[in-house]
Amino acid sequence: MSGPRPIIVGPSAGPEAPYPLQMEGKVIHGFGRGSTELGIPTANLPVDNNLTPWISHAESGVYFGWASLRLPPSHPNRPLDAATDSGEAPTEFSVYPMVMSIGYNKFYDNKARSAEAHVLHEFEADFYGVEMRLLILGFIREEKDYPSLEALIEEINLDCEVARRSLDREGWALRETGKGTLDGSWLVREEK
């Protein structure tokens with residue numbers, strides 16, 4: 001053990017190169033362990049080096065940033081009016097903080113690399129097949145193995161707290177939420 005982890009990562013002014021990174025796609029089924037075994041549901045995106053060229057060089061580990069979801073009108077968590085707080089035109093996307101794992105999940109000894117985002121919001125229903133965009137702003141820690149499921153869950157919960165605290169600064173909060181200076185327009189932009 002290398003000592004206590006920092007509870008906030010990244011400089012106060014905001015993300016530094018190579019961030020922000022972008023990833024998008026339709027949410028796919030993963031291994032089914034996030035909700036059932038861990039109590040920490042994840043939304044999985046396909047790992048495609050052609051669509052997301054930076055991912056083949058990304059260190060395996062835990063990242064944080066913002067997620068946007070285009071929830072269908074029938075989804076119980078879709079806002080009635082998904083307008084942004086900054087007065088911009090309404091959008092079909094809802095924006096949430098997120099923490100994500102990119103890697104092989106050593107605890108489970110996965111053979112295929114995965115990209116799993118835990119959106120920091122309580123959802124009443126799944127959203128498989130929904131369009132999701134990720135604006136990845138920073139790196140929290142490297143991928144590790146754990147002696148027990150409980151140790152893994154404790155570490156993930158700490159990752160979530162680090163993400164929340166790190167994003168709760170003006171340089172990291174989205175301009176579109178009315179709380180920060182970071183440009184998150186890509187997250188809510190409607191494609192023409």
Side-chain angles (χ1 to χ4, degrees), residues 5-27 34 40-46 51-55 58-59 61-73 75-102 115-125 127 130-141 156-192:
R5 290 177 41 198
I7 199 70
I8 294 178
V9 295
S12 294
E16 295 180 324
Y19 304 102
L21 299 171
Q22 297 176 350
M23 186 172 190
E24 65 183 312
K26 294 201 184 282
V27 175
I40 303 167
T42 58
N44 296 266
L45 287 179
L51 296 175
T52 314
W54 59 264
I55 203 160
E59 181 178 356
V62 179
Y63 295 79
F64 71 101
W66 296 96
S68 64
L69 296 165
R70 188 194 301 259
L71 295 170
H75 196 280
N77 293 103
R78 181 181 168 122
L80 295 177
D81 179 10
T84 62
D85 291 341
S86 63
E88 294 180 17
T91 175
E92 290 187 25
F93 287 94
S94 303
V95 178
Y96 308 94
M98 67 87 186
V99 62
M100 73 179 297
S101 167
I102 297 174
E116 305 174 53
H118 173 56
V119 180
L120 300 173
H121 182 80
E122 298 269 339
F123 289 93
E124 298 172 41
F127 44 85
V130 165
E131 183 180 349
M132 181 166 71
R133 295 177 183 170
L134 302 176
L135 189 65
I136 302 160
L137 302 181
F139 186 76
I140 294 178
R141 64 172 174 85
I156 294 171
N157 286 328
L158 182 55
D159 296 334
C160 293
E161 185 62 22
V162 170
R164 281 186 192 95
R165 288 178 183 237
S166 297
L167 293 169
D168 192 25
R169 297 177 289 168
E170 186 178 350
W172 297 81
L174 299 175
R175 183 175 56 221
E176 290 72 17
T177 65
K179 298 177 182 164
T181 58
L182 187 68
D183 180 6
S185 59
W186 173 78
L187 287 167
V188 297
R189 183 178 316 136
E190 296 295 336
E191 299 298 323
K192 297 203 178 359

**Request:** Kindly determine whether T52 and W54 satisfy side chain to side chain contact (heavy atoms under 4.5 Å, CB included), including the steps that lead there.
**Result:** CA-CA 6 Å; T52 314; W54 59 264; 3.0 Å; yes
**Item:** With A67 via side chain to side chain contact (heavy atoms under 4.5 Å, CB included) - residues at least two apart
**Value:** M98, V119, L134
**Item:** Main-chain N/O of P11 paired with W172 side-chain donor or acceptor, under 3.5 Å
**Value:** yes
**Asked** Side chain of T181, backbone of E170: donor and acceptor closer than 3.5 Å?
**Response** yes
**Partner set under side chain to side chain contact (heavy atoms under 4.5 Å, CB included) for E124, not counting sequence neighbours** = P76, N77
**Prompt:** Between L182 and G171, which heavy-atom pair has the shortest distance, and what is it?
**Reply:** CB-O, 3.9 Å
**Donor-acceptor contact present, side-chain E176 to main-chain G184, <3.5 Å** = yes
**Item:** Non-hydrogen atoms of M100 and A115 that approach each other most closely
**Value:** CE-CB, 4.0 Å
**Prompt:** side chain to side chain donor-acceptor pair (under 3.5 Å) with R169: which residues, sequence neighbours excluded?
**Reply:** none
**Asked** Is the shortest heavy-atom distance from the side chain of L187 to the side chain of F93 under 4.5 Å?
**Response** no
**Asked** Who are the side chain to side chain contact (heavy atoms under 4.5 Å, CB included) partners of P46, not counting sequence neighbours?
**Response** I28
**Prompt:** When rounded to the nearest 0.5 angstrom, what distance separates CG in L167 from CD1 in I8?
**Reply:** 10.5 Å
**Listed partners of R141 passing salt bridge (Lys or Arg N to Asp or Glu O under 4.0 Å), at least two apart** = E155, D159
**Request:** On the 0 to 90° scale, with breaks at 30° and 60°, tag the H75-F123 ring pair as parallel, tilted or perpendicular.
**Result:** perpendicular
**Prompt:** Is any side-chain heavy atom of L174 closer than 4.5 Å to a side-chain heavy atom of V188?
**Reply:** no
**Prompt:** Can you find a pair of side-chain heavy atoms, one from P6 and one from V162, that are under 4.5 Å apart?
**Reply:** no
With a cut-off of 3.5 Å and sequence neighbours excluded, list every side-chain donor-acceptor pair involving residues 15-26.
none

**Item:** I156 CD1 to I140 CD1 distance, which is reported to the nearest 0.5 Å
**Value:** 11.0 Å
**side chain to side chain contact (heavy atoms under 4.5 Å, CB included) against E59, all qualifying residues, sequence neighbours excluded** = Y63, F139, E142
**Message:** Could you check whether any side-chain N or O of R78 sits under 3.5 Å from a backbone N or O of L71, counting only pairs where one atom can act as donor and the other as acceptor?
**Reply:** yes
**Message:** I'd like to know if the side chain of H118 and the backbone of P41 have a donor-acceptor N/O pair within less than 3.5 Å.
**Reply:** yes
**Prompt:** Donor-acceptor pair, E92 side chain versus E190 backbone, under 3.5 Å?
**Reply:** no
**Asked** Under the ring-ring contact (aromatic ring centres under 6.0 Å, His included) test, which residues partner W66, sequence neighbours left out?
**Response** none
**Asked** What pairs with D183 under side chain to side chain donor-acceptor pair (under 3.5 Å), at least two apart in sequence or on another chain?
**Response** R175, S185
